[in-house]
Engineer: 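Got a structure for you, written out below as structure tokens; questions coming shortly.
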Number of protein chains: 2
Amino acid sequence: MALKLRKKVPPPPGCPMSACMSLLGGAWTPEIIWNLSEGARRFSELRRAMPRISAKVLSVRLKDLEERGVLVRSVLATTPPSVDYALTDLGEELIPAIRAIVEVGSKLYLRMRAPTDRAA
Amino acid sequence: MALKLRKKVPPPPGCPMSACMSLLGGAWTPEIIWNLSEGARRFSELRRAMPRISAKVLSVRLKDLEERGVLVRSVLATTPPSVDYALTDLGEELIPAIRAIVEVGSKLYLRMRAPTDRAA
DNA sequence: CAGCATCCTTGAGGATACTG
DNA sequence: CAGTATCCTCAAGGATGCTG
């Protein structure tokens, strides 16, 4: 297995927030979903889209996301085996959340490197 | 210092998403912001709201969030020193994102314990 | 009350190599 | 192509104790 929760159970167990963060909290996870939001992708396509992710991690993430019903894995029984991953209905529902994260992230990002004087 | 990014720089540097996830990704961070969303809170109030968080972690998180402009720290120079934390404008902007996370998290949570097949 | 210093554990995530 | 197996690193986060 790969991951369930971040570590033990930091936030209160039974908290939906933890459930989601344990999902989105994983490194690369938002990126993966984001890439999938533009349409189904194959393993190598994802790797090319995210050159810095290792095969193992991508594999683990993908499997985890599949088990959670966020995406579906379709094996195309072609001569060179190809597999593509696509968001499920549930996966699609994550998009708005990720979008929100990206948007707020942009603001954070700007503040981080913009000399916006400290006002407190 | 406490934390900048999850570890090295998993997702592509310069990505707003990473900026946000490095913030929300920290254990307890969403919880903290969530609690603050209901109004300013003092250190001990936050601790009581989240009994399982250690003082250190709360402290680290709070300082980090302050440095990032997500919240402001106000020291009340009373006899028993009291400090309260309140979300900044930027912090407030995180609420929708967290709300989205919570909502999707609920769905995930339901699916986690009520998969297609249900036993017991 | 608020919060910092210290030490330790843990496991996520990366690198590398091998396989069907 | 699409993984899986193995090993290793490292820093996030928890526990404890002390201070202003």
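Just so it is clear, the model here is predicted, and its values are computed rather than measured. Note on naming: letters A, B, ... go to the chains in the order of the sequence lines (proteins, then strands), and numbering restarts at 1 for each one.
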Engineer: Who pairs with B:Lys56 by side chain to side chain contact (heavy atoms under 4.5 Å, CB included), at least two apart in sequence or on another chain?
Structural biologist: B:Ser54, B:Val60
Engineer: Sorted by first residue and then second, give each salt bridge (Lys or Arg N to Asp or Glu O under 4.0 Å) pair with at least one member in residues 33-46 of chain B; sequence neighbours left out.
Structural biologist: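 Residue pairs with at least one partner in residues 33-46 of chain B: B:Glu38-B:Arg41.
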Engineer: Does a nitrogen or oxygen in the side chain of A:Trp28 sit under 4.0 Å from OP1 or OP2 of C:dG14?
Structural biologist: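 It does, given that an N or O in the side chain of A:Trp28 lies less than 4.0 Å from OP1 or OP2 of C:dG14.
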Engineer: Quick test: give all pairs of protein nitrogen or oxygen and nucleotides 3-5 of chain D nitrogen or oxygen below 3.5 Å, distance rounded to 0.1 Å.
Structural biologist:
from: D:dG3; atom 1: OP1; to: A:Arg73; atom 2: NH1; distance (Å): 2.3
from: D:dG3; atom 1: OP2; to: A:Tyr85; atom 2: OH; distance (Å): 2.5
from: D:dT4; atom 1: OP1; to: A:Lys63; atom 2: NZ; distance (Å): 2.8
from: D:dT4; atom 1: OP2; to: A:Ser59; atom 2: OG; distance (Å): 2.5

Engineer: Please check if the side chain of A:Ser106 supplies one atom and the backbone of B:Pro16 the other of a donor-acceptor pair under 3.5 Å.
Structural biologist: no
Engineer: The side chain of A:Arg42 is closest to which nucleotide in this list: D:dA2, D:dG13, C:dC1?
Structural biologist: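 Closest nucleotide among those given: D:dA2.
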Engineer: According to a strict under-4.0 Å criterion, is B:Ser54 in side-chain N/O contact with OP1 or OP2 of D:dG13?
Structural biologist: no
Engineer: Picking from D:dG14, C:dA2, C:dG14, which would you name as closest to the side chain of B:Val57?
Structural biologist: D:dG14
Engineer: Tell me whether the side-chain N/O atoms of A:Arg52 come closer than 4.0 Å to OP1 or OP2 in C:dG14.
Structural biologist: no
Engineer: May I ask you to evaluate whether A:Arg61 reaches the phosphate of C:dG13, defined as a side-chain N or O under 4.0 Å from OP1 or OP2?
Structural biologist: yes
Engineer: Which residues pass the side chain to side chain contact (heavy atoms under 4.5 Å, CB included) test with A:Thr78, not counting sequence neighbours?
Structural biologist: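 Counting only residues at least two positions away or on another chain, A:Thr78 forms a side chain to side chain contact (heavy atoms under 4.5 Å, CB included) with A:Leu76, A:Pro80, A:Ser82.
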Engineer: Nearest whole Å is fine: how far is D:dA2 P from A:Leu76 CG?
Structural biologist: 9 Å
Engineer: Enumerate the salt bridge (Lys or Arg N to Asp or Glu O under 4.0 Å) contacts for residues 81-99 of chain A, please, sequence neighbours excluded, ordered by first and then second residue.
Structural biologist: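 Listed once each, the pairs are A:Glu93-B:Lys107.
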Engineer: Can you list the residues that meet the side chain to side chain contact (heavy atoms under 4.5 Å, CB included) rule with A:Val83, with sequence neighbours excluded?
Structural biologist: A:Arg73, A:Val75, A:Tyr85
